[in-house]
Amino acid sequence: MDRKIRRSMAAACGLLSLALVASACSSSDDKDSGSTGGGQTVDAGFKIGLLLPESKTTRYETFDKPLIEAKLKELCPKCEVLYQNADQDSAKQQSQAEAMLTQGAKVLILDAVDAKAAGGIVTNAKGQNVPVVAYDRLATGPVSFYVSFDNKKVGQVQGQALLDVLTKGGDPKRADIVMINGSPTDPNAADFKAGAHSVLDGKVNIGKEYDTPDWSPDKAQDQMTQAITALGKDKIIGVYAANDGTAGGAIAAMKSGGFTTIPPTTGQDAELAAIQRIVAGDQYMTVYKAIKPEAEIAAAMAIAAATGKDYVGEVTVKVNNGTQDVTSVLLTPVSVTKENLKDTIVKDGVYTVAQICTSQYAAACTAAGIS
Ligand code: BGC
């Protein structure tokens with residue numbers, strides 16, 4: 001998917017705080033996204049459809065759903081949220097969206113299982129004058145607004161962390177790394193992969209590389225088992241895993257494959273299990289993407305779209321989704337290792353020390369200075 005980010009114009013617009021000027025910025029191009037004149041009012045309230053993609057990754061049910069719902073309730077107390085999780089099934093997501101439209105949803109917040117298939121959902125909704133906010137994953141079609149992280153940067157942060165730690169141990173080409181990427185239907189997975197390759201290519205030996213259908217931790221485990229068989233356990237010095245679920249699968253494969261020390265393994269999402277693996281020394285890093293601002297921006301975008309207003313808030317950029325330039329907010333990912341875990345995850349209140357340092361991890365926490 002071709003994505004052109006017009007940062008300079010957006011940055012200039014972002015510096016101007018007057019709503020009038022901001023709206024001039026966002027309507028300067030006929031093919032731009034933005035409010036689609038939903039015509040709803042916060043006073044009367046309306047139905048909002050929230051569609052999340054899967055439940056094997058813990059973020060969706062633990063953070064995204066409750067945080068989006070809470071912000072929607074705050075911004076529009078009379079609104080009603082219709083929620084569905086697609087369990088990685090693109091056809092299921094399509095029927096969930098159709099059911100929401102039938103039930104009278106006036107705006108959709110869509111985290112697409114399959115970006116291209118989701119274009120049908122977006123077009124269908126638009127045909128009924130229902131705007132769509134693309135959440136975390138960009139969809140094709142006439143999307144009104146998009147909020148996510150800078151996903152190429154996520155891949156670069158992962159790749160750089162892996163390269164740095166491998167370099168600390170000697171020549172980073174002394175043996176192989178294994179790359180376990182995300183789901184081929186998720187546009188973010190392509191960005192993570194491209195970002196990681198932009199850092200790693202030529203600097204390390206990539207012994208084996210896989211895409212992971214459905215982001216499934218089990219499939220990641222199978223792939224890692226295959227890699228160990230093909231390369232030999234002594235030839236693997238690092239693992240690029242695109243998120244914490246796939247990292248968990250890869251680490252489980254290495255544990256049953258007889259590794260006594262797990263080579264540096266990356267991740268993403270700051271899942272509690274991954275944070276505990278980092279404390280214990282089984283996983284090297286994760287990428288912390290603060291879900292609260294992402295969720296709250298999505299809620300504000302949904303209310304703006306349904307009420308026919310421009311989104312006012314964080315600085316926007318334009319991201320091209322193959323159909324049009326979409327008014328977007330891209331947040332910044334942060335690398336988390338044992339060293340800065342306390343100053344990031346704990347400081348932001350994502351998890352308490354008590355949640356991380358359960359009895360199994362108490363000694364590792366003390367050794368890492370986390371108490
Ligand atoms: C999200 C990640 C998540 C992955 C699997 C990506 O689109 O950005 O945070 O780990 O999907 O659900």
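Remember, it's 1-based here, ligands and their atoms both numbered in the order they're listed. Everything numeric in this text was worked out from a predicted model, so none of it was measured. Residue numbers run from 1 in the order of the sequence given.
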(request) With heavy atoms under 4.0 Å as the rule, classify the contact between Phe149 and ligand 1 as side chain, backbone, both or neither. (result) neither
(message) Out of all atoms in ligand 1, which are within 4.0 Å of some heavy atom of Glu54? Include the element for each.
(response) 5 (C), 12 (O)
(request) Considering only NZ, NE, NH1 and NH2 on the basic side and carboxylate oxygens on the acidic side, decide whether Lys208 and Asp176 come within less than 4.0 Å. (result) no
(message) Applying a heavy-atom cut-off of 4.0 Å, say which part of Lys56 lies close to ligand 1: side chain, backbone, both or neither.
(response) neither
(request) Could you list which atoms of ligand 1 come closer than 4.0 Å to a heavy atom of Asn188? (result) 6 (C), 7 (O), 8 (O)
(request) Could you list the atoms of ligand 1 found under 4.0 angstrom from a heavy atom of Thr57? (result) 5 (C), 10 (O), 12 (O)
(message) Is it the case that atom NZ in Lys292 sees more than 12 heavy atoms from other parts of the structure closer than 6.0 Å?
(response) no
(request) May I ask you to identify the nearest protein heavy atom to atom 9 (O) of ligand 1, giving residue, atom name and distance to one decimal place in Å? (result) Asp269 OD1, 2.6 Å
(message) Are Ile278 and Ile262 connected into the same hydrophobic cluster when the rule is that any two of I, L, V, M, F, W, Y join if their side-chain heavy atoms are below 4.5 Å apart?
(response) no
(request) State the atoms of ligand 1, each with its element, that fall below the 4.0 Å cut-off from a heavy-atom position in Arg137. (result) 4 (C), 5 (C), 6 (C), 7 (O), 11 (O), 12 (O)
(message) For residues Ile251 and Leu166: do they belong to one hydrophobic cluster (side chain heavy atoms under 4.5 Å, members Ile, Leu, Val, Met, Phe, Trp, Tyr)?
(response) no
(request) Using a cut-off of 6.0 Å, state whether more than 12 heavy atoms not belonging to Lys338 lie near its atom NZ. (result) yes
(request) Please report which non-hydrogen protein atom sits nearest to atom 4 (C) of ligand 1, along with the residue it belongs to and the distance in Å to one decimal place. (result) Trp215 CE2, 3.5 Å
(request) Report the part of Asp136 (side chain from C-beta onward, or backbone N, CA, C, O) that has a heavy atom under 4.0 Å from ligand 1; answer both or neither where that applies. (result) side chain
(message) Distance under 4.0 Å to a non-hydrogen atom of Lys289: what atoms of ligand 1 satisfy this?
(response) 1 (C), 2 (C), 8 (O), 9 (O)
(message) Can you tell whether the side chains of Arg59 and Asp136 come within less than 4.0 Å, N to carboxylate O?
(response) yes
(message) Only heavy atoms of Asp186, strictly under 4.0 Å: list the atoms of ligand 1 that pass.
(response) 6 (C), 7 (O), 11 (O)
(request) Using a 4.0 Å heavy-atom threshold (strictly under), name the region of Phe192 that reaches ligand 1: side chain, backbone, both or neither. (result) side chain
(message) Does atom NZ (Lys92) have a neighbourhood of more than 12 heavy atoms from anything else shown, all under 6.0 Å?
(response) yes
(request) Answer yes or no: are there more than 12 heavy-atom neighbours, outside Lys73 itself, under 6.0 Å from its atom NZ? (result) yes
